[in-house]
Amino acid sequence: KKIKSDRSTKTRCYEFLNMTSRSFAAVIQNLDDELRDVVCLFYLILRGLDTIEDDMTLSIEKKDPLLRDFYNIIRVEGWRFEESGDQEKDRQLLVEFYVVIDEFLKLDEKYQKVITDICKKVGNGMADYATDAALNTYGIISLGDFDKYCHYVAGLVGIGLTNLFIASGLEAEIATRDEAIANSMGLFLQKVNITRDYLEDISHGRCYWPKAIWSQYASNLYELKNPGNETEAINCLSAMLLNTLQHVTQNLTYMNSLRNQSIFEFCAIPQVMAIATLALLFRNYDVYRKVVKIRKGQTLALIKQSKNIYQVAAVFRYYTQQIMKKNDARDPNFLKISIVCGQIEQWC
Ligand SMILES: CC(C)(C)CN1C(=O)[C@@H](CC(=O)N[C@@H](CC(=O)O)C(=O)O)O[C@H](c2cccc3ccccc23)c2cc(Cl)ccc21
């Protein structure tokens, strides 16, 4: 009986992984044996946290303790959560969360320690911002707030992954130990998602674009998408791109320090997707009409181009040149964008 339940709980975890994240699940399953289960569980635990944070049907009184206590919850055998409302596939993960917990508690202590530590920091960070959103104040005012929020929801994931890579013994390079560049890996991905998801987020009454940026182009974030403000909207988008591009050279340094092939591809694929998405978003008014995504065919081509640092550098060089071509001298960010693109091309 026990053996059967072991097989089914681990299998069930991978079913959730494939259910909750399309293309990325394959990348995780491609990791070396030592890290595959660890990263799969880390991903599912973070997905559980994210589902609770994103659930607009949960009152702040319910949500706050759940987020702050999640690092303990992942040790409570049998725990499940049935009140989560909106996203069906994510909801099912929480209904059967005890499966993730069972597998998590089987991990080597050194991995449990890393994941617990990150969960505690992410949970508290999310709870801090959830309160702001509940109080309906714009939680993200300054560029510092922007980097802090992204640190909580994505930068810490980079730091956690780096600690898992080092704990596994598959990576030892000092450069990856530098928390600032591991943090930067996450900030880049999250800022691209935030820039891309403008319409979806404001339709849910959430806004993650920092006031320090949008207030230079409109008196409120919702106004940006109104007819007649096209030029301001496009230039605001450039300012978001400029803020996001600043992480690229650190990320290239991080990827250049990786030695394990499966870890390299695991880290490189989301980065090349992100730069391709960012280039597509640049000066693209569709951001204010729908969620702009790169085509499936482009995704597959990019995955093939993520095998080593030379290929990744070539991809970054290509999309940086695409951005330079679209750059417009009338845009107040024109010069700064060309400078940061120059720095990226220099690195490559
Ligand atoms: C918020 C986020 C960027 C951290 C989410 N995040 C990622 O975006 C995934 C990619 C992903 O989920 N893609 C989605 C597409 C999409 O959702 O837009 C897919 O289905 O293909 O990658 C990241 C991720 C992968 C590799 C290295 C990383 C280093 C620092 C931070 C995050 C890192 C991720 C790794 C883990 Cl373990 C957990 C979450 C993530």
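Side chains are part of it too, since the values below use all heavy atoms of this structure and drop only hydrogens, waters and symmetry mates. Position 1 is the first residue of the sequence; numbering continues from there. In each ligand, atom 1 is the first atom listed, and ligand 1 is the first ligand listed.
- By the 4.0 Å N-to-carboxylate-O rule, Asp117 lies too far from Lys113 to be salt-bridged with it.
- The protein atom (non-hydrogen) at minimum distance from atom 30 (C) of ligand 1 is Gly158 CA, 3.2 Å.
- Here Asp331 pairs with Arg283 in a salt bridge; the nearest charged N to carboxylate O distance falls below 4.0 Å.
- Among protein heavy atoms, atom 38 (C) of ligand 1 sits closest to Tyr43 CD1, 3.3 Å.
- Close approach of ligand 1 to Ser21 (heavy-atom distance below 4.0 Å) involves ligand atoms 19 (C), 20 (O).
- Looking at ligand 1, you'll find an N or O of Ser23 within less than 3.5 Å of one of its N or O atoms.
- Ion pairing of Lys191 with Asp147 is present here, as a side-chain N (NZ or NE/NH1/NH2) and a carboxylate O approach within less than 4.0 Å.
- At the shortest separation from atom 15 (C) of ligand 1 among protein heavy atoms lies Arg22 NH2, 4.1 Å.
- With salt bridges taken as basic N to acidic carboxylate O contacts below 4.0 Å, none links Arg80 and Glu96.
- Only the side chain of Arg196 comes within 4.0 Å of ligand 1, counting heavy atoms alone; its backbone N, CA, C and O stay farther away.
- Checked against a 6.0 Å centroid threshold, the rings of Tyr288 and Tyr285 count as neighbours.
- Nearest to atom 31 (C) of ligand 1 among the protein's heavy atoms is Gly186 CA, 3.5 Å.
- Between Leu44 and Cys13 there is a side-chain heavy-atom pair separated by less than 4.5 Å.
- Nearest protein heavy-atom neighbour of atom 28 (C) of ligand 1: Leu161 CD1, 3.5 Å.
- The protein atom (non-hydrogen) at minimum distance from atom 1 (C) of ligand 1 is Gln190 OE1, 3.3 Å.
- For the pair Asp102 and Lys10, the salt-bridge criterion is not met [side-chain N within less than 4.0 Å of a carboxylate O].
- A salt bridge links Glu83 with Lys62: the closest approach of a Lys/Arg side-chain nitrogen to an acidic carboxylate oxygen falls below 4.0 angstrom.
- Heavy-atom contacts of Pro270 reach the following atoms of ligand 1: 22 (O), 25 (C) (cutoff under 4.0 Å).
- The protein non-hydrogen atom at the shortest distance from atom 3 (C) of ligand 1 is Leu189 CB, 3.7 Å.
- In this structure, Arg47 forms no cation-pi arrangement with Tyr43, as its terminal cationic atom is not both closer than 6.0 Å to the ring centre and no more than 45° off the ring axis.
- The protein atom (non-hydrogen) at minimum distance from atom 25 (C) of ligand 1 is Phe24 CZ, 3.5 Å.
- Note that atom 19 (C) of ligand 1 has protein non-hydrogen atoms nearby, at separations under 4.0 angstrom.
- Protein non-hydrogen atoms do reach within 4.0 Å of atom 12 (O) of ligand 1.
- The presence of a protein heavy atom under 4.0 Å from atom 6 (N) of ligand 1 is ruled out.
- For the salt bridge (Lys or Arg N to Asp or Glu O under 4.0 Å) test with Asp128, the passing option among Lys63, Arg68, Lys148 is Arg68; the others fail.
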